[in-house]
S.K.: 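My questions will all concern the structure given below.
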Amino acid sequence: MPFDFGKNWLDFSKNALTSAKVKQAENDFAKLFAGIELTGKTFIDIGFGQGLSLLIARQNGATVVGCEINPTCKEALEQTLIHFPHVKSTDIPIVIGSILNQDTVNQLLKYSNNQGVDIVHSWGVLHHTGNMRQAFQSVAKLVKEDGYLVIAIYNKHWSSYIWLIIKWLYCKLPSLLQSGLVYLFYPIIWLAKYLVTRENPTKKTRGMDFLYDVIDWVGGYPYEYASIEEIEKLMMNLGFQKLKHVKAQVPTGCNEFIFRKNLPLIEK
Ligand SMILES: C[S@@+](CC[C@H](N)C(=O)[O-])C[C@H]1O[C@@H](n2cnc3c(N)ncnc32)[C@H](O)[C@@H]1O
């Protein structure tokens, strides 16, 4: 049984999302997208989760489409929408399906007359699909020539394999023991993050929330990981050039990347 991201996101959007967190998500989104115009652009969000990035992109003037494997995320998106009074739900078409499924990819491509879109965004998703390399191939097809791919992928670390076992185990346990595992790891993760960053771990970025992040972290299976160099090589083989990366704050956190498809050579 894979981890139920939809339930976790719905609980987050209902119980933890505040206007302050939305503001923070907007600021961090603006920082990541610095220099990339969104107004009038086409934008696909793969694995939109609670829907914050999708709604922020729409708010910034992009024509958006969301894709999710977990149908409960649609309910989470509707909850998150309450914080975006200027965005209409009819402006947020959703495709429910896996990015590993060719039918889903074809449905998404139809939104761009089969040309691909200006920006494909997929934050913390492709490593949860069960086949990260195939997922990269699918998202690559959705980006038009000169378009952008914005992704975040778990970093490879000596402890990654231990986490793989913990996450696998979590998904095998009955729900009472799953909660026990979360409350066991809550102080451990808090301390480990504090020791690495010297900052209060409950102060989150991207509008996230520490408790819901711990649940996502302890249970988020399937789980894969890769070094910055491995991701760069993978994307280069798919015809993308790296514009920038932002290193994860903690060793097993997500590295963020911005790639451009078939970037034209700069004329001298
Ligand atoms: C860690 S969450 C990230 C959510 C959101 N992108 C964010 O930045 O907060 C990963 C999301 O990817 C979705 N997901 C996992 N496998 C997927 C697949 N094969 N196709 C589409 N979405 C998938 C999950 O349901 C989950 O909502």
Side-chain angles (χ1 to χ4, degrees), residues 1-13 16-17 21-22 24-26 28-29 31-33 43-57 64-80 83 92 94-108 119-142 149-155 163 167 170-171 204-225 246 248 252-258:
M1 254 284 267
F3 176 69
D4 188 354
F5 282 102
K7 184 193 176 305
N8 198 38
W9 284 130
L10 183 58
D11 290 347
F12 162 82
S13 295
L17 189 58
K21 285 193 164 96
V22 171
Q24 189 198 42
E26 288 167 350
D28 288 345
F29 184 94
K31 219 187 281 172
L32 181 62
F33 278 84
F43 181 103
I44 291 180
D45 194 11
I46 305 296
F48 60 79
Q50 73 310 109
L52 276 167
S53 299
L54 194 54
L55 294 168
I56 294 169
V64 303
V65 183
C67 168
E68 246 302 331
I69 193 169
N70 191 316
T72 312
C73 287
K74 207 173 164 199
E75 290 173 56
L77 171 70
E78 279 155 20
Q79 275 292 318
T80 304
H83 295 271
I92 318 285
I94 296 301
V95 173
I96 296 293
S98 169
I99 188 60
L100 299 180
N101 184 318
Q102 191 54 47
D103 278 352
T104 307
V105 175
N106 291 343
Q107 276 189 64
L108 290 167
I119 303 158
V120 174
H121 173 266
S122 190
W123 208 105
V125 176
L126 306 181
H127 49 224
H128 285 311
T129 57
N131 191 339
M132 186 165 74
R133 271 151 187 84
Q134 191 192 327
F136 270 99
Q137 287 167 7
S138 297
V139 289
K141 285 185 209 155
L142 296 172
L149 178 66
V150 181
I151 50 169
I153 299 292
Y154 280 132
N155 190 41
W163 282 111
K167 288 161 192 272
Y170 176 98
C171 292
K204 298 292 301 173
T205 53
R206 301 195 324 115
M208 297 295 120
D209 178 87
F210 187 67
L211 172 62
Y212 292 98
D213 268 13
V214 170
I215 299 171
D216 177 308
W217 174 248
V218 175
Y221 184 86
Y223 166 69
E224 288 177 79
Y225 40 83
V246 182
T252 47
C254 280
N255 297 312
E256 295 177 315
F257 302 85
I258 298 192

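As the structure lists them, so they are numbered: ligands from 1, and atoms in each ligand from 1. Note that the structure is a prediction, hence the values are computed from the model and not measured.
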S.K.: Under a 4.0 Å heavy-atom cut-off, which residues neighbour ligand 1?
M.R.: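 Protein residues near ligand 1 are Phe5, Trp9, Gly47, Phe48, Gly49, Gln50, Glu68, Ile69, Asn70, Cys73, Gly97, Ser98, Ile99, Trp123, Gly124, Val125, His128, Thr129, Arg206, Asp216.
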
S.K.: Please say whether more than 12 non-hydrogen atoms of neighbouring residues, nucleotides or ligands are located less than 6.0 Å from NZ in Lys141.
M.R.: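 Yes, the 6.0 Å shell around NZ holds more than 12 heavy atoms from other groups.
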
S.K.: Parallel, tilted or perpendicular: which fits the ring planes of Tyr154 and His128, with parallel below 30° and perpendicular above 60°?
M.R.: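 Perpendicular: the ring planes of Tyr154 and His128 meet at over 60°.
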
S.K.: Please tabulate, one pair per line, all N/O donor-acceptor pairs under 3.5 Å involving side-chain atoms of residues 208-224, not counting sequence neighbours.
M.R.:
residue, atom, partner, partner atom, Å
Asp209, OD1, Lys21, NZ, 3.3
Asp209, OD2, Leu211, N, 3.2
Asp209, OD2, Tyr212, N, 3.4
Tyr212, OH, Asn15, ND2, 3.4
Asp213, OD2, Lys204, NZ, 2.9
Glu224, OE2, Asn131, N, 3.4
Glu224, OE2, Met132, N, 2.8

S.K.: Take Glu256 and Trp123 through the test side-chain hydrogen bond (donor to acceptor under 3.5 Å, both in side chains) and record every step on the way to the result.
M.R.: CA-CA 8 Å; Glu256 295 177 315; Trp123 208 105; 2.8 Å; yes

S.K.: Between Thr80 and Ser13, does any side-chain donor sit less than 3.5 Å from a side-chain acceptor?
M.R.: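 Yes - a donor-acceptor pair under 3.5 Å links their side chains.
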
S.K.: Any chance the side chains of Asn106 and Gln102 put a donor and an acceptor closer than 3.5 Å?
M.R.: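 Yes, Gln102 and Asn106 have a side-chain donor paired with an acceptor closer than 3.5 Å.
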
